[in-house]
Structure formats: C-alpha cells, structure tokens
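Take a look at the structure below.
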Number of protein chains: 2
Amino acid sequence: MPLPDAASPLYERVKGYILGRIGSGEWIAEHKLPSENDLVQQLGVSRMTVHRALRELTSAGVLVRVQGVGTFVAATRPQSALMEVRDIAEEIRARGHRHSSAVLALEKTRPGRDLAREFEAAGLRTVFRSLIVHRENGEPVQVEERHVNPGMAPAYLEQDFERTTPYDYLQRCAPVTEVEHVITAVRPGAEIGSLLGIAPDAPCLLLRRRTWSGTAVVTVNRLWYPGERYSLGGRYRVGSRGPAS
Amino acid sequence: MPLPDAASPLYERVKGYILGRIGSGEWIAEHKLPSENDLVQQLGVSRMTVHRALRELTSAGVLVRVQGVGTFVAATRPQSALMEVRDIAEEIRARGHRHSSAVLALEKTRPGRDLAREFEAAGLRTVFRSLIVHRENGEPVQVEERHVNPGMAPAYLEQDFERTTPYDYLQRCAPVTEVEHVITAVRPGAEIGSLLGIAPDAPCLLLRRRTWSGTAVVTVNRLWYPGERYSLGGRYRVGSRGPAS
DNA sequence: TAGTGGTCTAGACCACTAG
DNA sequence: TAGTGGTCTAGACCACTAT
C-alpha cells in the first residue's frame with residue numbers, strides 16, 4: 001500500500017507521497033512523473049483527487065505540468081537569506097557581540113480560536129507559550145513570543161532558555177520544513193516598549209512567523225524589533241521559475 | 001445571466017463574479033457570501049466548480065471560510081509578496097481591488113555621493129528619479145521613490161506612469177536578476193506621512209530595494225508603506241525549493 | 001437538527017502534443 | 001491517433017457549528 005494510513009485528506013496524502021519521492025531523491029528535477037491515470041491505478045484514488053494534489057504542488061512551484069506532455073519535477077530555485085530562520089543568538093555571536101536573554105514567561109495555556117486556527121488545529125486543547133527578551137551587548141533587540149504545538153515539542157517547558165534557545169531545541173524535535181513570514185510596522189505599546197527600552201509609540205517591526213514540520217504547524221510566533229536599531233534584509237538572485245526546458 | 005460569457009474556465013468566471021462584487025463594494029469586509037448551494041442555484045454551475053472558486057480565493061486571502069458557519073469576505077490587510085519583486089498594480093488587481101497612482105515627480109537629477117555608491121558607480125553623473133503614490137481603492141498604500149540608472153532605461157522619463165508602472169517598463173528594458181532588500185520601521189515624517197495619509201509619527205514600513213540586471217545596478221528604491229494598513233510577507237519551503245503556496 | 005463547508009468518486013468531454 | 005492534462009458534473013458522505 002503506497003499511501004500511509006493517516007487522518008489527513010487523501011489529496012494531502014497523495015501530495016505527501018510525491019514530496020516523499022522527491023525528498024528521497026528518487027525523483028529529481030526534470031523527472032517525469034507517472035500520468036494522472038497511472039497514479040490513479042497505483043494509488044487507488046480517483047483522478048480528481050490525484051489532479052488536485054498535482055495542481056496544488058504545481059501552484060506551489062514543486063511541479064511543472066504541460067498539457068499533452070506530462071508532469072515534471074520543477075527545477076530548484078535559490079533560497080533567500082532574508083527568509084531563513086536563524087538562531088538569533090548565533091546571529092549576534094556571528095557579529096562578534098554578546099548575546100543574553102531573559103525568560104519572562106514559560107507556561108502552558110489554552111489557545112483562543114484565532115490561535116487554534118493559526119495552528120490549523122481546531123481541536124487543539126493546550127499550547128506552550130514563552131516570552132523571551134534577547135539582548136545584544138546588553139541592549140534589547142528582540143522580544144520573542146512563541147506559541148508551540150505541544151505534540152511536536154513535549155518537553156518544551158522543561159528547557160532552560162537562558163542557556164539554550166527555543167530555536168535550538170525545536171530544531172532538534174521538529175526540523176522546520178516551511179516558513180511563513182508577515183512583517184508589519186507597529187507601535188509597540190507600553191508593555192513591549194518597556195521590554196525593548198523604547199517609547200510606546202516608537203516605530204517597531206513586528207514579524208509574525210509560523211513554522212511547519214511536514215504538514216504540522218510547530219510554532220506561531222511574534223517577534224518585535226526596535227525599528228530604529230534593527231532591520232531585516234537579504235540579497236538574492238532571482239531564479240527563473242518553471243520548466244528548465 | 002450572472003456570469004458573462006467568456007472563454008475562461010467556469011471556476012475562473014465564478015471567481016471573477018465574486019471579485020466583481022467585492023470590487024464594486026457590494027460585498028465589503030466581513031460580508032457573508034451566499035452558501036455554496038445558493039451559488040450553485042444562482043450561477044447554474046456544479047458545486048465542485050463553486051467550491052474550487054471559493055477555495056482558490058480563500059488561499060489567495062480574499063475570503064475566509066469557517067466550516068459549519070459560512071464564507072466571508074476577508075478583512076484584507078493588503079500584503080505584498082516579500083521576496084518577489086512584483087508589480088504593485090498587478091498585486092492590487094489580483095486582490096480584486098482598484099489600483100490608481102499619482103506621479104509627483106519624474107525628473108533628471110544628480111546623485112549625491114551615497115547614491116552613487118549605492119549604484120556602485122562612483123562616476124555616475126545623472127540619474128532619473130520618480131516619486132509615485134500608489135492607491136488601493138483610492139487609499140494610499142505605497143510611496144515609491146525610485147532612482148534609475150539612465151544607461152539601463154534611457155526612455156524612463158518619457159513613460160506615462162499613471163497608465164503603466166515603472167516595474168512594467170523596467171522589466172522590459174532590464175529584467176531583474178538580483179535583488180537586495182532591507183526593511184526597517186520608521187516614522188514617515190511630515191512629507192511622506194501626508195502622502196500616505198497618516199500621522200508623521202505613525203509606524204511605517206520602509207523597504208529599501210536595489211535591483212540588478214546582470215552586474216549593473218538598475219534601480220535604488222525606497223518604498224514606504226503605512227504600517228497599520230500594509231504588511232510584507234511570504235511563505236516558503238525551507239531547503240532547496242522555492243516559495244510555497 | 002438543519003445548514004455549512006470539506007472531501008471524494010465515476011464518468012464525461014475537451015484541448016493540446018507527439019508520433 | 002493515442003496519450004496527456006484541464007475542466008465540469010451529479011451525487012454522495014463526512015465534520016463542524018449554531019439553534
């Protein structure tokens with residue numbers, strides 16, 4: 001049976017099957033996939049289901065489809081430095097500076113409906129929450145509020161996050177395979193402002209980040225940066241999308 | 001006949017129908033759409049087709065769906081793709097909204113030393129400069145100050161940037177091969193603030209972007225976004241592959 | 001319980017591409 | 001002409017939400 005039994009929708013399992021072949025190196029860039037009808041036979045699902053899986057992987061840039069010809073594994077694109085998830089402690093040390101942090105909260109809590117939706121898990125009962133201030137040479141540069149899926153990181157609350165970092169621990173339990181970032185400019189308000197040592201109405205970068213490991217959301221985070229002391233950036237090559245002839 | 005006859009697929013026409021209602025203001029944020037079955041009746045198409053249209057608009061952020069409750073127009077906070085250089089006019093139209101712009105300056109000027117350094121061309125004598133405000137449904141969402149290397153885009157000053165966009169013209173003369181982004185949060189100050197219709201001390205995203213075509217710097221830009229009305233973001237697969245979804 | 005969206009199937013017709 | 005992907009339908013069952 002090629003498709004593992006799981007509670008996820010069939011088309012997601014078909015996607016997983018294909019991503020697995022690609023991830024294992026069995027299907028490399030330019031490889032021609034079996035036709036929809038072949039996959040229908042091999043996987044024992046309907047053509048609409050196969051088609052949906054292939055369509056979604058195509059719009060995600062994983063596959064390239066050409067009518068009348070076939071479906072192919074897309075050529076890879078370069079990855080941007082800006083969107084990388086890096087350990088802030090490492091980043092600071094890489095600048096030759098001293099990193100320190102203070103753990104202000106580390107607890108179990110109940111997610112509201114919005115948070116449960118962000119975790120893509122409506123029935124989620126509890127989440128872990130941490131609130132940490134990171135300092136560079138003693139100066140606050142980031143307030144990090146994390147919500148963590150307890151199923152993915154059961155020992156989260158037992159960690160000492162003044163010695164290690166959430167990034168470090170989570171990367172061991174549930175390596176990140178996908179990231180979503182949304183950046184806005186906000187006023188930090190009194191609470192976050194005082195943690196960052198800036199005025200409550202000073203401009204402030206708010207980075208919302210969700211990370212996935214496989215198909216499960218591992219963390220939902222909010223990171224505040226003092227706007228005038230910090231910036232996010234990167235330089236990268238623009239890749240050509242689509243079929244590499 | 002609610003769906004105009006067209007050569008595009010039915011589900012695209014259903015999407016167009018819905019985007020039209022939203023664009024015209026008939027359905028505003030939070031508005032509850034007719035149920036799938038109602039739309040099946042009204043539009044005379046099958047439920048799978050309606051469902052596909054609604055699903056794609058949901059993944060595009062236009063709609064929000066809650067199982068057992070209904071489908072709603074999303075409270076859109078316009079969002080730009082962070083790592084891709086996209087035409088803002090196209091981005092806005094893709095959300096089913098109306099794009100308009102005002103050209104406040106379009107001129108030849110002498111670069112200062114810093115600007116010449118950013119162009120990586122110390123001897124640069126003149127640069128083109130444009131200052132444009134972009135609006136989404138009449139509301140300012142971006143102030144775009146561009147400096148353009150005249151050697152790469154000689155007819156820049158003759159373009160009508162209320163009909164086309166700098167992106168569009170430049171992409172034809174000098175396709176972007178490399179990009180650098182730096183994002184900070186700032187106070188816009190009186191001038192930019194008034195162009196964006198926000199207070200001079202309201203939080204504001206400043207995106208500095210340089211683009212290359214081959215080894216030459218084509219543009220050095222500063223883009224201001226009203227922090228509370230706009231965000232930058234994206235979702236990416238980690239590793240060797242490009243953006244997800 | 002009734003109504004919503006989420007998924008899945010079997011079968012159909014079409015447009016496109018290659019040999 | 002045979003094979004591919006693109007679309008569309010009618011009907012079904014399910015999970016979830018509100019009342």
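A, B, ... follow the sequence lines: proteins, then strands. Residue 1 opens every chain. On a predicted model such as this, the values are computed, not experimentally measured, just so you know.
Side-chain nitrogen and oxygen atoms of Tyr11(B) include at least one within less than 4.0 Å of the OP1 or OP2 phosphate oxygen of dT7(D). His51(A) has a side-chain polar atom (N or O) that falls below the 4.0 Å cut-off from OP1 or OP2 of dG6(D). The phosphate of dT4(D) (OP1 or OP2) has no side-chain N or O of Thr71(A) nearer than 4.0 angstrom. Taking only side-chain nitrogens and oxygens, Ser46(B) never comes nearer than 4.0 Å to OP1 or OP2 of dC8(D). Contact between the side-chain N/O atoms of Thr49(B) and the OP1/OP2 oxygens of dT9(D) is found at a separation under 4.0 Å. Taking side-chain N and O atoms only, Arg65(B) has no distance below 4.0 Å to OP1 or OP2 of dT4(C).
Spacing between atom CD of Glu56(A) and atom P of dG6(C) amounts to 12 Å, rounded to whole angstrom units. Atom-to-atom, CG of Leu39(B) to C1' of dG3(C) comes out at 15 Å; the value is rounded to the nearest Å. Atoms CG (Asn37(B)) and C1' (dG11(D)) sit 12 Å apart, rounded to a whole Å. Following rounding to the nearest Å, Glu36(B) (CD) and dA15(D) (P) show an atom-to-atom distance of 17 Å. Atom CG of Leu33(A) is separated from atom P of dG3(D) by 19 Å (rounded to the nearest Å). Atom CZ of Phe72(B) is separated from atom P of dT17(D) by 12 Å (rounded to the nearest Å). Spacing between atom CD of Gln41(B) and atom P of dG3(C) amounts to 14 Å, rounded to whole angstrom units. The distance from atom CE of Met48(B) to atom P of dT9(C) is 10 Å, rounded to the nearest whole Å.
In terms of position along DNA chain C, the nucleotide closest to Gly44(A) lies nearer the 5' end than the nucleotide closest to the other residue of the pair Gly68(A) and Gly44(A). Of the two residues contacting DNA chain C, namely Glu12(A) and Leu54(B), the nearest-nucleotide position lying further toward the 5' end is that of Leu54(B). Of the two residues near DNA chain D, Arg52(B) and Gly70(A), the one whose nearest nucleotide lies more 5' is Gly70(A).
Using Watson-Crick or G-U wobble geometry with both donor-acceptor distances under 3.5 Å, dC16(D) finds its partner in dG3(C). Across all strands shown, dC8(D) forms a Watson-Crick or G-U wobble pair with dG11(C), both key distances being under 3.5 Å.
Ring orientation note: the planes of Trp27(A) and Tyr17(A) are nearly perpendicular, at an angle over 60° on the 30°/60° scale.
Between the Lys32(A) side chain and the Val69(A) main chain, a donor and an acceptor come within less than 3.5 Å of each other.
Side-chain proximity of Val69(A) to dA18(C), dC8(C), dG5(C): nearest is dA18(C). Of the candidates dA18(D), dC16(D), dG5(D), the closest approach to any side-chain atom of Gln67(B) belongs to dC16(D).
A centroid separation of 6.0 Å or more is found between the aromatic rings of Tyr167(B) and Phe161(B).
Residue Arg55(B) is out of contact with every strand shown, counting any heavy-atom pair closer than 4.0 Å. Residue contacts shown for Arg47(A) include a base, since a base heavy atom lies under 4.0 Å away.
We find that Arg208(A) and Glu145(A) are not joined by a salt bridge, their nearest charged nitrogen and carboxylate oxygen being 4.0 Å or further apart. Under the 4.0 Å criterion applied to side-chain N and carboxylate O atoms, Glu36(A) and Arg65(A) are assigned as salt-bridge partners.
The shortest non-hydrogen separation linking Pro200(A) to Ala190(A) is CB-N, 3.9 Å.
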